[in-house]
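Reading through the structure tokens given below for one structure.
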Amino acid sequence: MSVQSLESVARAMIAPGKGILAADESTGTIEKRFKSINVENTEENRRAYRDLLFSAKGIGQYIGGAILYDETLRQKSADGTPFPELLARQGVIPGIKVDTGAKEMALCPGETVTEGLDGLAKRCAEYVKLGARFAKWRAVITIGAGIPSQACITANAHALARYAAMCQAAGLVPIVEPEVLMDGEHTIERCEEVTEWTLRDQFSALASQRVALERMVLKPSMVVAGASCKQQASVSEVAERTLKVLRRTVPAAVPGIAFLSGGQSDELATAHLDAMNKLGGAAWTLSFSYGRALQAAVLKAWKGSPANVSAAQRAFTHRARMNGLACTGRYSADLERQALAA
Ligand code: 13P
């Protein structure tokens, strides 16, 4: 793999019409996904599933980067090709999740702080040798009665900024992911307020830690009503409120914003991204870094059977193409029906 500058890697991850596949589920998280389709959580099943995703034909047309878990970065395709090499051949940049999870935060009931800074510089150096070109760290902000607290927002923003600095020093592009969870009954107005607060403090922390904004990708949640809120917002309201908050908080030096799906349905996640790109006028590329919204249909089609691999790959390519179109505001729900009919 040629040595590229961090800025060009960041731009390539979210090149026009492309986004990021989040396939970095930890062994515990993939167990939940496998349980839903009755597949045993063995190392070989995890390998076979990721092989299916990474070897889908032509995926590099819509996917610029894929985030892997430690185990996956070290695994190989059925023909013995290491996954980072397989991805690179497909035109997909390999990345790695480096946080060690969101843990209960002391003195802050109901809140978490993401861990993983200890030894991180050393781990980053190894990941670069294994072929990773970017990294991911996810912080979780929960909305509820009396939360989030300033303590939680500050601690998570600081950890994300320290992680981002270490990545840039090691030669990895950091994906900075402060997720405001959709869980809860809160209104969209409350989500907007908390997202603005989170991102404002995040960019202040990034500046304090000397992180070069040109060499990172932001992975935020969208501004939506809580999943249990009776009043759900329209696609256009989500798009407008999300863009408003981003304009207020994200400097134009950031090359791109790749949203997480966070539990939104596949088609809604695509429609929201498309609506933002149709509005246009954003300073940064607006793309996707979806986990569930890219994989739900794939898992359902696969069900752990080798006989279903082609159908599962078709489901993956379809979702990736829909999201690729949303990156340039060229998606429409009709395209979903047409694909079903084909
Ligand atoms: P979801 O799109 O399922 O939220 O996953 C994205 C991700 O990488 C979370 O860290």
Side-chain angles (χ1 to χ4, degrees), residues 13-14 19-36 49-50 53 62-70 72-73 92-103 112-116 132 134-143 156 159-160 163-164 167 173-184 191 195 198 202 216-224 226-227 238 242 256-273 276 286-300 315-316 319-320 322-324 326-327:
M13 287 157 62
I14 41 148
I20 298 163
L21 164 68
D24 60 326
E25 298 84 2
S26 63
T27 305
T29 301
I30 200 75
E31 172 140 1
K32 284 190 226 158
R33 310 276 186 266
F34 279 4
K35 241 188 196 138
S36 72
Y49 175 60
R50 268 66 180 250
L53 291 173
Y62 318 110
I63 303 289
I67 319 171
L68 278 56
Y69 183 58
D70 182 281
T72 321
L73 193 73
V92 177
I93 303 172
I96 178 77
K97 183 232 298 293
V98 300
D99 68 67
T100 56
K103 306 286 159 60
T112 62
V113 61
T114 300
E115 296 186 350
F134 70 92
K136 180 192 111 169
W137 177 293
R138 171 176 177 255
V140 179
I141 307 296
T142 308
I143 301 181
N156 277 294
L160 265 166
Y163 138 83
C167 283
V173 170
I175 293 185
V176 173
E177 181 179 5
E179 173 173 7
V180 176
L181 283 187
M182 278 172 62
D183 302 355
C191 178
T195 307
T198 301
Q202 186 60 66
M216 62 163 272
V217 169
L218 178 70
K219 176 165 173 169
S221 39
M222 297 180 194
V223 174
V224 293
V238 169
T242 303
I257 296 176
F259 293 99
L260 60 93
S261 61
Q264 296 180 37
S265 74
D266 299 2
E267 293 187 22
L268 211 44
T270 309
H272 286 149
L273 175 61
M276 282 184 247
L286 293 172
S287 178
F288 59 92
S289 175
Y290 295 160
R292 282 162 287 179
L294 271 173
Q295 295 184 60
V298 187
L299 285 162
K300 228 168 118 186
F316 177 41
R319 273 284 28 98
M322 294 297 106
N323 286 307
C327 287

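Order of listing sets the numbers, starting from 1, for every ligand and every atom in it.
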Among Glu25, Lys97, Gln264, Glu177, closest by any non-hydrogen atom to atom 9 (C) of ligand 1:
Glu177
Should Tyr290 be counted as touching ligand 1, given the test is an N or O pair under 3.5 Å?
no
Look only at the side chain of Tyr163 and the backbone of Ala135, and say whether a donor-acceptor pair between them is shorter than 3.5 Å.
yes
Using a heavy-atom cut-off of under 4.0 Å, does the side chain or the backbone of Ala269 touch ligand 1, or both, or neither?
neither
Cys191 to Val224 - nearest heavy-atom pair and separation
CB-O, 3.1 Å
Partner of Ser289 under side chain to side chain contact (heavy atoms under 4.5 Å, CB included), chosen from Ile67, Leu21, Val217
Ile67
The closest protein heavy-atom partner of atom 10 (O) of ligand 1 is Lys136 NZ, 2.5 Å
Could you tell me whether Arg292 approaches ligand 1 through its side chain, its backbone, both or neither, with non-hydrogen atoms closer than 4.0 Å?
both
Contacting atoms of ligand 1, where contact means under 4.0 angstrom from a heavy atom of Ser289
6 (C)
Among all the protein's non-hydrogen atoms, which is closest to atom 1 (P) of ligand 1, and how far away is it?
Ser261 OG, 3.3 Å
What are the two closest non-hydrogen atoms of Phe259 and Thr242, and how far apart are they?
CE2-CG2, 3.6 Å
Who's the nearest protein heavy-atom neighbour of atom 5 (O) of ligand 1, and how far?
Gly291 N, 3.5 Å
Starting from atom 4 (O) of ligand 1, what is the nearest protein heavy atom, named by residue and atom, and what distance separates them?
Gly262 N, 2.7 Å
Taking the minimum heavy-atom distance to atom 6 (C) of ligand 1, which of Lys219, Arg33, Gln295 ranks first?
Lys219
Lys/Arg-Asp/Glu bridge criterion (N-O < 4.0 Å) met for Arg138, Asp99:
no
Can you check whether Lys103 reaches Thr112 side chain to side chain, under 4.5 Å on heavy atoms?
no
Assess the side chains of Tyr49 and Glu25: does a donor N or O sit below 3.5 Å from an acceptor N or O?
no
